[in-house]
Amino acid sequence: MSTNNVKNIVVLGGGGAGIQVVKELCAKLPSTHHVILVTDRPKYAHVPALLRLFVKKEPNEVAHDATRKRFNEVFMPYDTFLKRRSAQL
């Protein structure tokens, strides 16, 4: 495929709405379209999961260990997320 035929679609903002738009576009657009996410943050913060850092704890688990384990559930690197889709950061 020639690069002249590729259509670039730019999504501004990597918040909840921006991530959802990228997901939907990547799922529905043909390979002639390239989705680009522009954000000023290195990681997506899943705000509803922030509470898990402080309240979700397994029995016999030390609180700071639970927080460390769940950190990646809350703050997800965009590049890891986008590798699974036809998009770039």
Side-chain angles (χ1 to χ4, degrees):
M1 169 173 58
S2 169
T3 57
N4 294 340
N5 296 333
V6 174
K7 307 263 188 226
N8 289 318
I9 298 172
V10 178
V11 177
L12 300 176
I19 290 294
Q20 190 61 36
V21 167
V22 169
K23 282 181 178 178
E24 293 291 324
L25 289 174
C26 288
K28 294 180 180 180
L29 292 174
S31 62
T32 56
H33 292 71
H34 189 76
V35 180
I36 301 168
L37 175 64
V38 177
T39 183
D40 62 344
R41 298 178 185 157
K43 294 183 178 185
Y44 168 68
H46 187 248
V47 177
L50 282 171
L51 289 174
R52 289 184 204 152
L53 290 176
F54 304 105
V55 298
K56 186 177 177 185
K57 190 175 103 171
E58 301 298 325
N60 302 321
E61 186 175 39
V62 179
H64 70 275
D65 289 340
T67 301
R68 191 175 309 121
K69 286 179 188 177
R70 291 176 183 85
F71 186 82
N72 288 334
E73 294 175 9
V74 177
F75 300 102
M76 298 173 270
Y78 285 106
D79 56 349
T80 302
F81 167 77
L82 295 176
K83 282 180 187 173
R84 296 177 290 183
R85 294 172 169 78
S86 59
Q88 79 178 56
L89 183 59

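- A search for side chain to side chain contact (heavy atoms under 4.5 Å, CB included) contacts involving D40 returns nothing, not counting sequence neighbours.
- Within the structure, no pair that satisfies the salt bridge (Lys or Arg N to Asp or Glu O under 4.0 Å) test touches residues 13-22, not counting sequence neighbours.
- Atom-to-atom distance recorded for K7:NZ and H34:NE2 is 14.5 Å, nearest 0.5 angstrom.
- Shown here are the side-chain hydrogen bond (donor to acceptor under 3.5 Å, both in side chains) partners of E24, two or more places apart in sequence or in another chain: Q20, K28.
- Here the straight-line distance linking atom CG of L25 with atom CD1 of I9 works out to 5.5 Å at 0.5 Å rounding.
- The side-chain heavy atoms of L37 and V21, taken from C-beta on, include no pair separated by under 4.5 Å.
- Looking only at distances, no side-chain donor or acceptor of Y44 sits under 3.5 Å from a matching main-chain atom of I19.
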